[in-house]
Amino acid sequence: MTSYLRQKWQSFQIGTSESEDVQEEALNSENREEIERSKIGIMRAVVQAQDPSAKDIDDFMIRRFLRARDLDVEKASAMLLKYLKWRKEFVPNGFISPAEIPNDLSHNKLFMQGYDKSGRPIVVVFAAKHKPTTVEEFKRFVTFTLDKICARPTRMGYANSDIRGYLAALSILQDCYPERLGKLFIIHVPYIFMTAWKMVYPFIDKNTKKKIIFVEDKKLQSTLLQDIDESQLPETFGGKNKASSHSRVLIWRSK
């Protein structure tokens with residue numbers, strides 16, 4: 001075989017291999033979607049049999065609970081039923097009113113600003129502005145905030161290390177808003193935060209742990225720009241977005 005023909009043959013083999021890989025990936029994706037659709041139907045029947053109000057839940061919500069439990073229908077159904085029960089008891093009116101969380105709102109510790117490269121809203125949390133209120137009010141604040149997000153620095157000291165509040169927020173995020181978090185970037189981390197973190201970490205489920213990223217100060221801008229376009233990244237973190245009061249990538253600034 002001549003050198004020219006050999007090159008053409010190798011090129012053809014590579015092209016064929018790439019084409020086969022693309023086809024296989026497409027088939028796997030199609031199979032996964034088919035499996036998910038089937039399990040969504042099964043899960044809907046299981047949950048509605050125990051709680052008729054589940055009929056108002058859309059397939060996307062059911063899918064999030066399924067994915068949060070690695071497509072295990074039994075575990076996902078139990079999780080969703082627990083959420084529905086919690087929602088009826090904790091948010092009886094269907095929403096949290098600002099009048100119920102005046103102290104936490106007054107801290108101005110959280111805002112939404114821009115979108116990452118996957119189109120997810122960016123939520124910036126200034127942990128240093130958090131001052132413990134009552135656990136119940138803080139839980140209402142977290143629920144109020146997550147509902148708003150879904151519908152659409154200063155040093156950190158001991159006063160900001162609200163372990164009970166963090167655990168309450170973590171529980172609501174994991175158990176009641178599964179698969180809502182894209183990534184959580186934790187930056188400017190002082191020693192006192194790591195002390196609190198060691199107490200909180202064991203309560204984080206494995207799927208959430210995969211989304212948590214501690215960022216070194218010297219790599220802050222380059223790390224965030226991998227997921228967030230410069231035009232959407234707040235100026236505070238080296239971007240060009242000047243907005244500061246309106247923005248499911250979560251940036252937790254510890255100082």
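Only a predicted model underlies this, so the values are computations on that prediction, with no experimental measurement involved. Just the heavy atoms: all of them, side chains too, but no hydrogens, waters or symmetry mates, feed the values below.
- Lys209 NZ: more than 12 foreign heavy atoms inside a 6.0 Å radius.
- Remark: Lys109 is positioned above the aromatic ring of Phe141, its terminal NZ or CZ atom under 6.0 angstrom from the ring centre and at most 45 degrees off the axis.
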- Check the pair Asp205, Gln174 against side-chain contact (heavy atoms from CB on, under 4.5 Å), reporting the backbone distance first and the verdict last. CA-CA 8 Å; Asp205 71 39; Gln174 290 183 164; 3.8 Å; yes

- Message: side-chain contact (heavy atoms from CB on, under 4.5 Å) for Asp59 and Arg44? Distances and angles first, verdict last.
- Response: CA-CA 8 Å; Asp59 286 354; Arg44 179 179 291 283; 2.7 Å; yes

- Evaluation steps, side-chain contact (heavy atoms from CB on, under 4.5 Å), between Leu80 and Ile57: CA-CA 10 Å; Leu80 180 52; Ile57 296 176; 4.0 Å; yes

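- Side-chain atoms of Asn93 do not come within 3.5 Å of backbone N or O of Phe95 as any donor-acceptor pair.
- Under the 6.0 Å cut-off for aromatic ring centres, Phe185 and Phe237 do not qualify, their centroids lying 6.0 Å or more apart.
- For Asp104 and Arg140, the salt-bridge test fails: no basic side-chain N is under 4.0 Å from an acidic carboxylate O.
- A donor-acceptor pair under 3.5 Å links the side-chain atoms of Lys39 to the main chain of Leu71, judged by distance alone.
- Counting non-hydrogen atoms of other residues, nucleotides and ligands closer than 6.0 Å to NZ of Lys88 gives a total above 12.
- The side chain to side chain donor-acceptor pair (under 3.5 Å) test applied to Gln221 returns no partner, not counting sequence neighbours.
- In this structure a side-chain-to-backbone donor-acceptor pair under 3.5 Å is present from Gln232 to Tyr115.
- Put simply, the side chain of Glu137 gets close to the backbone of Asn103: a donor and an acceptor are under 3.5 Å apart.
- Ion pairing between a basic and an acidic side chain is recognised when a charged N comes within 4.0 Å of a carboxylate O; Arg67 and Glu179 show no such pairing.
- Checked by atom type, the side-chain pair Glu235/Asn241 shows no donor-acceptor distance below 3.5 Å.
- How far CD1 of Ile172 is from OH of Tyr177: 7.5 Å, rounded to the nearest 0.5 Å.
- In this structure the side chain of Leu105 reaches within 4.5 angstrom of the side chain of Phe144, judged on heavy atoms.
- Put simply, the side chain of Ser118 never gets that close to the backbone of Arg120: no donor and acceptor are under 3.5 Å apart.
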- Item | Audit row: Leu146, Arg180, side-chain contact (heavy atoms from CB on, under 4.5 Å) steps and yes/no | CA-CA 9 Å; Leu146 290 171; Arg180 289 290 190 178; 5.9 Å; no

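- Within the model, atoms CG of Leu84 and CE of Met79 stand 11.5 Å from one another, a figure rounded to the nearest 0.5 Å.
- Residue Ile62 holds its CD1 atom at 8.5 Å from OG of Ser77, rounded to the nearest 0.5 Å.
- Other residues, nucleotides and ligands contribute more than 12 heavy atoms inside 6.0 Å of the CZ atom of Phe214.
- The aromatic rings of Tyr83 and Phe65 lie tilted to each other, with the angle between the two planes from 30° to 60°.
- At a threshold of 4.5 Å between non-hydrogen side-chain atoms, the residues Ile213 and Lys183 count as touching.
- Salt bridge status for Arg32 with Glu36: absent, with no side-chain N to carboxylate O gap under 4.0 Å.
- Comment: Arg63 does not engage Glu33 in a salt bridge, judged by the lack of any side-chain N to carboxylate O separation of less than 4.0 angstrom.
- No more than 12 heavy-atom neighbours from other residues, nucleotides or ligands sit within 6.0 angstrom of OH on Tyr201.
- The ring of His130 has its center closer than 6.0 angstrom to the ring center of Phe138.
- With values rounded to the nearest 0.5 angstrom, Leu173 atom CG is found 9.0 Å from Leu184 atom CG.
- In this structure a side-chain-to-backbone donor-acceptor pair under 3.5 Å is missing from Ser38 to Ile35.
- In this structure, the side chains of Val91 and Thr143 come closer than 4.5 Å at one or more pairs of heavy atoms.
- With contacts defined as side-chain heavy-atom distances shorter than 4.5 Å, the pair Leu81/Val46 does not qualify.
- Between atom CD1 of residue Ile212 and atom CG of residue Leu181 there is a gap of 7.5 Å, rounded to the nearest 0.5 Å.
- Between the CD atom in Glu136 and the CD1 atom in Ile101 there is a gap of 13.0 Å [rounded to 0.5 Å].
- Between Asp229 and Lys240 there is no salt bridge, since no side-chain N of the basic residue sits under 4.0 Å from a carboxylate O of the acidic one.
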